[in-house]
Structure formats: structure tokens, C-alpha cells
Amino acid sequence: MNNYQVDLTNCDKEPIHIPGKVQSHGFLIAISSLTFQVTYVSENVTEFLDLSAVKILDMDASALGAFFSKDGEDIDLGQLLKLGKSQNSFDIINPYKFRIKDEPYYLIIHQSADDFVLEFEQITLEYDIQNIIGRSISQILTNKSLIGLLSNAAQEVKNIIEYDRVMIYRFLDDGHGEVVAEVKNEDLEPFFGLHYPASDIPKQARELYKLNYTRIIADVETTSSAIATYILDKPLDLTNSGLRAVSPIHIQYLKNMGVASSFSISLMANGELWGLIACHNYSPKFIDYKAREGAKLIGQILSSALEYRQGEEDTEKSNLLNEAVQDLSGYLEKDPDLISALTRHKVSLLDVTHSSGVAFFYEKQLYTMGQTPAIDDLNELCRWLKQTMQESVYHTHQLPEVYKPARDYADLASGILACMLSKELGELIIWFKPEQIETINWAGNPEKPAEPDVDGNIILSPRHSFESWAQIVKNTSSRWRGSEISGVLKLRERVLAAIHKKANEIRILNERLKLAYDELDTFSYTISHDLRTPLTSIKSYTELFLAQNKELDEKGKKLLDRVVSGADKMAFLINEILKLARVGRSDIQFATINAQKLVQEITLEVISALNAPHVKVVVGDCPDLTGDQTLITQVFTNLISNAIKYSEKSPDPEVYIEGKLVGDEVIYSIKDNGIGIDVNYHDKVFELFKRMDNVRDYEGTGVGLAIVKRIIERHNGRIWFESELKVGTVFYIAFKK
Amino acid sequence: MVSPDIFYVEDDQDFAFILEHAVKEVRDDLTLSVVEDGRDAIQALERFAEDKLRPKIILLDLNLPGLSGLDVLKRIKEIPYLRHTPVILFSTSDDPMDVKASYEFGANAYITKPSGYNNLITCIRSLHEFWFNQNKTIN
């Protein structure tokens with residue numbers, strides 16, 4: 001006997017499959033499958049058979065058979081059980097129609113462990129329901145949509161069982177349920193759209209719904225009947241019993257709701273409990289076994305239709321997303337620009353999920369589409385995700401609950417689906433779903449109230465009020481679907497592949513560029529070299545001609561002199577290019593350079609070469625440098641000769657050279673009070689062959705500073721300048737110490 | 001058979017032609033013999049050595065077709081009879097690498113070809129002054 005006490009703490013542990021009682025609208029006898037002796041019997045058997053339970057416990061199958069008749073004969077119960085046993089199923093026997101005291105009864109048999117469980121209930125239906133069921137099923141299936149299918153089914157079930165209210169109750173992700181279809185008598189208050197908390201149907205009850213597709217609670221007001229047995233400590237397992245007594249809590253629940261009889265049909269999809277067809281009657285109303293079986297059939301047919309339709313609708317939705325991923329993959333292959341591929345075509349990142357906005361962090365840039373939080377908020381969110389994301393994809397439909405700053409923009413981003421591309425670089429894509437201020441109409445407050453009983457114990461009190469109780473859900477978006485997440489994962493793979501491909505391409509391009517640079521250096525070098533020879537010939541022949549033809553008139557000599565000076569100019573230019581090319585070609589040999597000595601020597605040399613002794617050159621402190629002696633000499637020669645050359649014509653020409661240690665650099669400055677550089681040319685100063693307007697009267701090729709810059713670059717140093725027209729110029733060169 | 005004062009290896013006929021004039025300009029009676037490639041040069045020099053003859057100075061262009069100036073320089077330094085004959089590398093290039101390599105192979109001087117006839121005369125005059133007048137060992 002089960003004396004299990006149910007209270008608030010163990011509500012969902014209540015062993016409802018072994019209540020030790022049956023509902024009193026029928027009776028139960030269990031017979032051992034080994035001995036064919038009666039093992040259990042419900043005490044209400046007396047009301048049906050004029051036999052006490054104790055007496056029946058003494059009987060075996062054949063003796064018991066004498067109390068039942070079929071077509072005027074006793075039933076050979078032993079034979080019936082043997083048949084079922086040999087078949088390993090009672091499906092062909094159930095329901096067995098017979099009579100007790102001339103009243104028609106059904107016998108329904110199933111096996112529970114070592115016992116055959118025989119359940120007896122009265123036949124109340126006078127006509128054959130089979131035809132009605134057939135028609136109902138075809139009626140249900142006329143509607144193509146899921147919702148249509150459900151309301152048709154509710155209507156047909158109501159027609160068959162004639163209950164006051166038939167609802168289709170669907171379980172949502174977190175276990176709570178919602179009434180998604182309802183057919184009821186007009187005078188009743190609608191329950192359609194109401195939500196029921198998960199605790200209304202505890203877990204173990206759900207498990208039973210998965211095993212038994214129908215369940216009738218014939219009358220909440222009747223007292224259930226205890227099961228008598230001589231077997232100790234082994235209550236009869238009533239998992240598959242139709243008469244199984246109802247948990248007192250559930251009875252209370254139904255009573256509170258005003259329900260007298262309840263009937264439910266399980267709806268299964270993909271092996272899981274999808275929902276229930278829940279039927280209520282407000283006065284006691286038993287449903288005949290055949291009608292229950294008919295309703296069960298409807299439930300099964302609806303289940304398979306559900307599975308199919310739901311699958312179809314899901315596939316349709318996920319197909320759209322899949323197509324978007326496919327399209328984007330296509331763009332990624334064709335469009336070399338990743339951003340453009342993902343954002344600028346007909347189908348974009350936004351179409352990969354059912355989101356209202358997307359933000360894409362890539363190469364330190366932020367791209368957004370649709371509705372997203374502000375840039376600062378996005379950057380902050382990106383930082384947070386970078387820190388907290390463990391997997392490549394993270395999603396939540398309640399961001400403000402897990403990340404407080406999001407409360408300020410919950411309207412735009414209550415849901416996020418983030419896809420990390422590179423944690424290191426902080427490259428990721430975030431999709432946003434807006435807040436869905438949803439009003440959930442609970443059928444009563446979902447927090448199960450617990451009330452102290454007279455003794456002060458906290459006891460479970462099933463709800464008294466079923467008035468709908470509206471809860472406003474904030475900071476929540478619609479949920480991310482599996483198809484959205486799998487689409488994003490697929491897309492992630494494609495994007496990463498594209499990024500890798502691009503990185504590879506850049507590497508190859510870089511290699512090629514390097515090669516081209518080398519080739520250019522070689523080319524400039526060779527061409528300059530080869531150009532020199534014929535140039536020398538032109539000059540030499542001209543000079544030789546002049547030398548051998550002393551009688552040539554002045555005009556002729558002048559013309560040939562022009563040839564010589566042209567050749568000289570060209571030779572100078574070629575030399576400069578050669579020097580530039582050599583900077584690229586030569587290996588840099590780092591050594592410590594005595595800069596003080598170098599600068600002084602160069603200064604003397606340059607003054608002499610430019611014949612400019614009137615220029616005052618001051619050499620300040622010149623700390624040692626690390627660099628290539630030849631190349632650094634070239635740098636200082638160029639800069640100092642520029643400074644002297646362009647200040648030479650100033651009233652008091654002065655050039656100041658010094659070096660300073662600044663941080664980890666040695667910065668040299670070469671300052672003059674010369675003609676200066678026009679601000680419009682500042683960006684062209686280091687370009688090859690660029691010469692300013694104001695230097696026409698000065699010799700030069702426009703290669704010098706290009707060489708200087710290249711040398712400094714090869715030393716990983718920096719070069720810049722400050723200049724004002726007619727005031728002077730300061731060139732700075734910084735070397736790593 | 002006589003050996004010339006100046007033995008010049010030069011593939012550029014124009015330059016050789018100009019130089020010939022410049023040499024005559026510096027000293028009318030200086031003799032100059034020009035060969036156009038490295039193999040001919042080595043052959044001629046070996047023949048001189050056999051006959052116990054040697055030019056007073058060898059001018060060697062660096063960029064030659066076939067054997068390079070450096071190859072020729074190396075061969076010359078291997079001929080014992082010519083080991084002490086001054087060899088002057090005479091090249092358009094002023095690449096420090098070329099200069100360095102030439103000295104390493106035993107060049108006695110490295111001169112960048114001057115541009116133009118007038119500069120050439122100056123160059124040859126100075127060369128003549130140093131190697132023919134001041135440096136008595138070659139006379």
C-alpha cells in the first residue's frame with residue numbers, strides 16, 4: 001500500500017505510477033502470469049461482482065472466469081490470458097466485450113512486470129463510433145496550416161467525446177505550456193492564448209503521457225479505491241493502467257478549476273511530447289473505451305501530421321536562411337572584398353538570421369546594417385564578448401539579463417547571436433533581435449503558492465484562482481532558432497575560409513611585389529650602367545672632334561659644347577638613379593659610426609664642392625650612430641649639401657647640424673635659413689624626380705631626397721621636415737639606437 | 001716581337017678609339033695595343049711571357065664579354081713573369097663591391113672611366129706621370 005505523502009518539497013517526485021489505488025468507475029484484478037493466481041484486486045470489486053476482495057485474492061484465473069459471461073457462457077479467463085501471453089500482446093483481445101449480471105462490460109488487459117492487469121469498465125456507448133472517427137480524421141486533414149489542423153482536431157475531438165471544452169495545449173522550450181487552439185461551449189470563458197506554468201504538469205506526469213496516449217479522470221468527486229494484495233512491499237505498477245488513480249494534487253487542481261471530468265490525449269512529435277489535447281467537462285462524464293480509442297487515433301494522426309507540418313514549416317524557414325548562407329558563400333568566392341561580399345549584395349549578413357540588425361567588426365573597422373546599438377555601445381559589447389565568449393558562437397534572447405549595459409538599449413538588442421571570427425583580433429559578427437515586450441497571460445500566478453496548513457506546515461496548495469494573470473516580459477527577444485545558429489556556424493566557416501584565402505593572396509602579392517622591387521632595382525642598375533657607355537661615347541667623340549678641329553668657328557664650337565653639357569647632365573642623372581638603385585640592392589652592414597667626425601668631414605667637402613665658404617655651418621653635438629657607413633655618409637652628404645645649396649644665397653646663410661638622444665632614438669636635425677619649401681609641395685618632397693618651383697636656378701635632379709628617404713627606411717628610421725618659404729627648412733632624421 | 005707600353009683590354013671599340021687618341025695626346029711615342037676580349041688578352045700576355053717580354057702597364061676593363069676583367073686579372077697574377085706588371089682596372093662602374101673585389105684579386109689601381117675626351121686626357125696624363133715617370137720600376 002502506498003502511503004506516500006505529497007507536499008511542496010517532493011511534488012515532482014511523487015511516484016504517480018504506483019498510487020496503490022484505482023479510479024472507482026471500474027475495477028481491477030491482477031493475475032500472476034506464472035501461477036495464474038490472483039495477486040491484486042481493487043476493493044471496489046464488491047460493487048460489481050458481489051464478491052469480497054479477500055475472496056478474489058484466493059482465486060485463480062479459471063475460478064474467476066465463472067463470474068463473467070459472454071454469449072451466455074462463462075469466460076475461460078485462463079485461456080484468454082494464455083492467448084495474450086503467447087502473442088506477447090493483448091492488442092487483438094482488447095477490448096474484450098462481455099457481461100456481468102447482464103450489463104455489458106469491457107475487459108482491457110495488459111502486462112505489468114509478472115502480472116496480467118485486468119481492468120473492467122462499463123460499456124456506455126450504444127453505437128459504433130468507427131464511422132464517425134473516419135469522417136473526423138478526413139475533416140481534420142482538410143486544413144493545410146498547422147493552426148487550422150489543430151483547431152479542426154479540437155473540434156472533432158469535442159464532437160466525439162462531447163466534453164464542454166477541448167483545448168490544444170502546446171509545450172514550449174522551457175516546459176511551460178500555451179493553449180494554441182480551443183473549442184468550447186459558448187457559455188465558457190476562453191482559455192485560448194493562456195500560458196500554464198511548467199509545474200502544472202510535473203515531469204513524471206509528462207513521462208506517463210509519453211507512454212499512455214490517453215488519460216481519463218472520470219470524476220474528481222469520487223473516492224478512489226485501494227488495491228488489496230497479500231504481496232508485501234511491492235505495489236502494483238500502474239504505469240499502463242487506464243484506471244490508475246489520480247494524484248491528490250491534480251484532483252485538487254482540477255477541482256479548483258471547476259472541472260469534474262478530464263480527458264487528455266498526448267501529441268507526440270519526433271519522440272517528444274509536443275503537447276496535449278486537454279478536454280474538460282464541468283459535470284462528471286465518463287468516456288467509453290471505444291470513444292477514447294477513437295480520440296487516441298485522432299491524436300496519433302494529428303501527431304504524425306504535426307511532425308510533418310512542423311518539419312515542413314521549419315524546413316521552409318531554415319531553407320530561406322540556408323539559401324542566404326549559400327548566396328553569401330557565392331559572393332565571398334567572387335567578390336575579393338570581404339565587406340562588400342557580406343554587405344553590399346542583394347542578400348546580406350542580415351538575411352542569415354531573422355534579426356533586425358547586424359554589426360561586423362573586421363580589420364579594426366565596424367560595419368553595421370539594420371537596427372543596432374550605437375557605435376560606443378557596440379565597441380563595449382565587442383570587448384565584453386571578446387572576454388567572455390568561450391565558443392565560436394554565443395547567443396542569448398535576454399542580453400540585458402546577462403550584460404547590464406545592454407539595459408540601455410534593450411529595445412534594439414535584447415537578443416544577440418555573436419559569431420567570433422578571431423578572438424585575437426576582436427573580429428566578430430553580432431546579430432541583434434529587438435526586445436519583444438510580450439504579455440504572457442498565465443492561467444493563474446505561475447509561482448505555485450505554498451500555504452501553511454493548520455499545523456503550521458508549509459503545504460502545497462494547488463491554485464485556487466485561474467483568473468488570467470498577465471506578466472509583462474521585458475529585456476527579452478524572440479528566441480534564436482537552431483536553424484539560425486547552424487546557418488551562422490556554416491557562414492563562419494565560409495568567412496574564415498575567405499579570410500585565409502585573402503591572407504594567402506596578400507602574402508603572394510607581397511612576394512611578387514618584393515620580386516618586382518628587386519627586379520626594378522636590377523633594372524635601374526643595369527639600364528643606368530648600360531646607358532653610361534654610349535653617353536660617354538657621345539661626349540668623348542664630341543670633345544675629340546672639337547680637339548681635332550681647331551679651325552671650327554665659334555658657332556660650331558658652341559653647338560658642340562651644348563652636346564657635351566647635355567651629355568653631362570644626363571650622366572649626372574644616371575648616376576643619381578644608380579645610387580638610388582644601389583640603396584635597394586646593397587646589404588646594409590651595421591656598424592657604429594663616429595657621426596661627429598663624419599659630419600665635419602662632409603661639411604668641409606660639401607662647402608668646397610659647392611664653393612660656398614660664406615655659408616656658416618655650425619656643427620653641434622653629434623652622438624654616434626649605428627648604420628651603414630657608406631649609406632649614412634650619403635644621407636648626410638645629401639642633406640648637408642641641400643642645406644648649404646639652398647641657403648647659399650640668403651643674406652646671412654647659416655646651417656646648424658646637431659643630434660639629440662630622444663627616448664630610444666637618436667634624432668639629427670639639419671637646419672638652414674634658405675629658400676624653404678612651399679607648403680603645397682610638402683607631400684612631394686621625397687618623391688622621385690620632384691623638384692620645387694623655387695629651385696630652378698639650383699642644380700639638382702630630384703633624386704637626392706628620394707635616396708635619403710630610402711636609406712633611412714632601410715635603417716628602419718624616420719625622416720620628416722619643417723619648412724617655411726623664405727625662412728628656412730629643418731630636416732629631421734631619427735635612427736633607432 | 002715587341003711589347004707595347006700600354007696593353008689595353010677593352011671590348012668597347014669607341015672607348016678604345018678615344019683612349020688611343022688621348023694616349024697620343026699625352027705622349028706621342030707611347031705604344032698601345034688593344035685586345036677586345038679576355039681570352040685574346042690572356043693568349044697575348046702568355047705569348048709575351050714566353051718571349052720574356054712584358055708591357056709596362058696593363059689597363060683592364062671590368063665588364064668584358066666572356067671572361068670578365070676579374071678573371072683576366074686573376075690569370076695575369078698567376079703568370080710569374082707578369083706578376084709585377086701593374087694592372088689597373090678601368091671601368092665605368094664605381095660600385096664599391098667591384099672596387100673591393102678588384103683589389104682583392106691583386107689590382108694595383110682602380111680607376112673609374114672618366115667621362116669625355118678631355119677628362120680622359122687628364123686621367124691618362126696623371127696615370128703616365130705616376131706609372132711612367134715617378135714609378136721607376138716599370139721602366
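These values consider heavy atoms only, across backbone and side chains, with no hydrogens, waters or symmetry-generated copies. Labels below follow one simple rule: chain letters A, B, ... track the order of the sequence lines, proteins then strands, and each chain is numbered from 1.
- Rounding to the nearest 0.5 Å places OG of B:Ser115 at 9.5 Å from CZ of A:Arg532.
- Taking every heavy atom of both residues into account, A:Ala547 and B:Tyr117 meet most closely at CB-CE2, 3.5 Å.
- More than 12 heavy atoms of other residues, nucleotides or ligands sit less than 6.0 Å from atom NZ of A:Lys649.
- Both the backbone and the side chain of B:Asn119 come within contact range of chain A, with heavy atoms under 4.5 Å apart.
- Within the model, atoms CG of B:Asp14 and CD1 of A:Ile538 stand 10.0 Å from one another, a figure rounded to the nearest 0.5 Å.
- Shown here is A:Phe523, whose CZ atom has no more than 12 heavy atoms of other residues, nucleotides or ligands within 6.0 Å.
- For the atom pair CG of B:Asp95 and CG of A:Leu578, the computed distance is 7.5 Å after rounding to the nearest 0.5 Å.
- Interatomic distance, B:Asn118 CG to A:Ser540 OG, rounded to the nearest 0.5 Å: 9.0 Å.
- Within 6.0 Å of atom CZ in A:Arg562, 12 or fewer heavy atoms from other residues, nucleotides or ligands are found, so the atom counts as exposed in its surroundings.
- Within a 6.0 Å sphere centred on OH of A:Tyr517, heavy atoms belonging to other residues, nucleotides or ligands number 12 at most.
- When the shell of 6.0 Å around CZ of A:Arg714 is examined, it contains more than 12 heavy atoms from other residues, nucleotides or ligands.
- With a threshold of 4.5 angstrom between heavy atoms, B:Asp12 approaches chain A through side-chain atoms but not through N, CA, C or O.
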- What do the steps show when you test B:Phe15 against A:Thr533 for side chain to side chain contact (heavy atoms under 4.5 Å, CB included), and what is the final call? CA-CA 8 Å; B:Phe15 203 86; A:Thr533 310; over 6 Å; no

May I have the list of side-chain donor-acceptor pairs in residues 601-609 of chain A shorter than 3.5 Å, sequence neighbours left out?
| residue | atom | partner | partner atom | Å |
| --- | --- | --- | --- | --- |
| A:Thr603 | OG1 | A:Val599 | O | 2.6 |

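- Other residues, nucleotides and ligands place no more than 12 heavy atoms under 6.0 Å from the NZ atom of B:Lys100.
- Here the straight-line distance linking atom CD of A:Gln548 with atom CD of B:Glu25 works out to 8.5 Å at 0.5 Å rounding.
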